[in-house]
Amino acid sequence: MNRLVSVAPMMDCTDRHERYFLRLISKNVLLYTEMIVSEAIDRGDKKRLLEFNIKEKPVALQLGGSSPKLLSNAAKIGEEFGYDEINLNLGCPSKKVQKNKFGACLMKEPNLVADCLNEMIASTKLPVTVKTRIGYDNVEDYENIYNFVNLLSKTGVKTFIMHARKAMLGKFTPKQNLNIPPLKYDIVYKLKEDFPDLDIVINGGITNTDQIKHHLKKVDGVMIGRSVYHSPYFLADIEKEIYSTENILTREDVIKELINYVKVEIKKGTRLHHIMRHTLGLYHGISGSSFWKRYLSENMCVRNADVQKVDHILDKVKHPQRQEVSI
Ligand SMILES: Cc1cc2nc3c(=O)[nH]c(=O)nc-3n(C[C@H](O)[C@H](O)[C@H](O)COP(=O)(O)O)c2cc1C
C-alpha cells in the first residue's frame, strides 16, 4: 500500500462524494472514510454506511469503538465491502466519543486496545492500522507514547498514523483540540528512529509540498486533513511534486468529470449539494474563487439545484473578468 501521502479521515467531510471528487485530482493518495462506529455497522444499514464507488480506491475504512467483538466484525464487513485497509481511531477527543469509550480516551487503556487489534487482525486479511495522538492531558512524556506504540506493535499492527499533538480530554472542544496543543513533530520522528520496522505516518498542520518533502526524509508517510479539504486542488501540487505525475486534470475538467458522476448520483436520489458542497474550495487562492463559492452557495447548495447551469459557470470561472454577466 502506498502511504506516502494520505488524506485524513474527517467527519462530515470525507464521505464518498468527497472521496470521488478528490480521486479525480489525485490518483495516488490514500483516502480515508470518516470514522464509522462499529456499533453502527453492527446495527445499522451497512450498505448506506459502507458502500462506495470502486473508482475511489484505494480507500481505508476508519472505525471507532472499543468492543473487540464489534470491531472485528466491522473489520470483516469492511473487507467484504472492498476497502483496502482498516484503521482504528485512537485520536478523536470529543466528549461524545469519550462517553462511548472510543477515540483518544482509549490511549488510557492500551491493553483493551491491544485486545481490539488482535481480534481485528484475526478477522481480516487487510492491513489493520492505528491513528492516534502523541499523548493526552498531562501524559505527554516520550516514554508513554513509546510504550503505547511498542505494546500495540506486538499485535502485528505495522502502521501508526501519529497526529503530532496531544489530546486534551474533556477540556477543549474538538476544534480547540485540533489547534491549541502544540505540534511536536520531533516526537514522531523519534518514534520512527526507535521503531525503524514500523511505518510511521505523520499528521497535523501540513500545508505545502516543501513540508511534505521535509517530513518524508524522516518518516514513511504524511497525512493531510484540513489543507486538502479547504483547498482540494492542493492534491494537484502533490501529484506533480511528490509523485511526478504529468497528466493532471485542470479544475474545469475535474468539474466536468464530477458532473457526470452527479448525473448518475442524482438518479439514485442523492442531493446535488451533498456532492457540490465539497467543491467550495476548488478555486481557493486563485482569481474567480469567490465567484465560484457564491455561485455554488446560491445555485448548487440549495434544494432542487440545477445541474445544467454548471457548463455556464465553468466558462465564467475561466474568464473571471466576465463575472458581472448574469447567469
Ligand atoms: C472536520 C474534522 C473532522 C475530523 N474527523 C476525524 C475523524 O473522523 N477521525 C479521525 O481520526 N480524525 C478526525 N479529524 C482529525 C483529522 O483526521 C486530522 O488528524 C487533523 O485534522 C489534523 O490534521 P490537519 O492539521 O492536516 O487537518 C477530523 C478533523 C476535522 C477538521
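Both ligands and their constituent atoms are indexed starting at 1 by order of listing.
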**Student:** What is the closest protein heavy atom to atom 18 (C) of ligand 1, and at what distance does it sit?
**Tutor:**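 Answer, as residue, atom name and distance: Asn203 OD1, 3.4 Å.
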**Student:** Aromatic rings Tyr189 and His215: how do their planes relate, parallel, tilted or perpendicular, breaks at 30° and 60°?
**Tutor:** tilted
**Student:** Nearest to atom 7 (C) of ligand 1 by heavy atom, Pro9, Ala104, Pro93: which?
**Tutor:**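 Selected option, by shortest heavy-atom distance: Pro9.
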**Student:** Please say whether more than 12 non-hydrogen atoms of neighbouring residues, nucleotides or ligands are located less than 6.0 Å from CD in Glu143.
**Tutor:**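 Counting other residues, nucleotides and ligands, CD of Glu143 stays at 12 neighbours or fewer.
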**Student:** Compute the minimum heavy-atom distance from Gly204 to ligand 1 and say whether it is under 4.0 Å.
**Tutor:** yes
**Student:** Does Ser297 use its side chain to pair, donor to acceptor, with the backbone of Arg294 at less than 3.5 Å?
**Tutor:** yes
**Student:** Looking only at the side chains, is there a donor atom on one of Lys154 and Asn150 sitting less than 3.5 Å from an acceptor on the other?
**Tutor:**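 Checked: Lys154/Asn150 side chains pair up, N/O donor to acceptor below 3.5 Å.
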**Student:** Check Met10 against ligand 1 and report side chain, backbone, both or neither, counting heavy atoms closer than 4.0 Å.
**Tutor:** both
**Student:** May I ask whether Gly205 has any heavy atom positioned less than 4.0 angstrom from an atom of ligand 1?
**Tutor:** yes
**Student:** For this output row, return yes or no: ring centroids of Tyr83 and Phe52 closer than 6.0 angstrom.
**Tutor:**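 So the answer is yes for these two rings.
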**Student:** Who's the nearest protein heavy-atom neighbour of atom 31 (C) of ligand 1, and how far?
**Tutor:** Leu178 CD1, 3.4 Å
**Student:** Only heavy atoms of Lys131, strictly under 4.0 Å: list the atoms of ligand 1 that pass.
**Tutor:** 10 (C), 11 (O), 12 (N), 15 (C), 16 (C), 17 (O), 18 (C), 19 (O)
**Student:** Can you find an N/O atom of Gly225 closer than 3.5 Å to an N/O atom of ligand 1?
**Tutor:** yes
**Student:** Between His230, Gln62, Met35, which one has a non-hydrogen atom sitting closest to atom 11 (O) of ligand 1?
**Tutor:**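 Considering heavy atoms of His230, Gln62, Met35, the nearest to atom 11 (O) of ligand 1 sits in Gln62.
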**Student:** Taking the basic N atoms (NZ, or NE/NH1/NH2) and the acidic carboxylate oxygens, is any pair closer than 4.0 Å for Arg16 and Glu56?
**Tutor:**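 Salt bridge: no.
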**Student:** Should Glu265 and Lys268 be marked as a salt bridge (Lys or Arg N to Asp or Glu O under 4.0 Å) after you check the CA-CA gap, both sets of side-chain angles, and the distance that decides it?
**Tutor:** CA-CA 5 Å; Glu265 282 294 319; Lys268 292 193 219 158; 3.1 Å; yes
**Student:** Side chain, backbone, both or neither: which part of Arg226 has a heavy atom under 4.0 Å from ligand 1?
**Tutor:**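 Both backbone and side chain of Arg226 come within 4.0 Å of ligand 1.
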**Student:** Examine ligand 1 and decide if any of its atoms is less than 4.0 Å from a heavy atom belonging to Asn89.
**Tutor:** yes
**Student:** On the 0 to 90° scale, with breaks at 30° and 60°, tag the Trp292-Tyr295 ring pair as parallel, tilted or perpendicular.
**Tutor:**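 It falls in the parallel class, under 30°.
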**Student:** For atom 5 (N) of ligand 1, what is the nearest protein heavy atom, given as residue, atom name and distance?
**Tutor:**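 Result for atom 5 (N) of ligand 1: Met11 N, 2.8 Å.
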**Student:** Between Asp220 and Arg3, is there a salt bridge with N-O shorter than 4.0 Å?
**Tutor:** no
**Student:** If you measure every N or O of Glu34 against every N or O of ligand 1, does any of those distances drop under 3.5 Å?
**Tutor:**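 No.
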**Student:** Can an N or O of Arg165 be found at a distance shorter than 3.5 Å from an N or O of ligand 1?
**Tutor:**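 No.
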**Student:** What atoms of ligand 1 come within less than 4.0 Å of a heavy atom belonging to Ile224?
**Tutor:**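 Selected atoms, number and element: 26 (O).
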**Student:** Say whether, by atom type as modelled, one donor and one acceptor occur between the side chain of Ser66 and the main chain of Phe102 under 3.5 angstrom.
**Tutor:**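 A pair under 3.5 Å: no.
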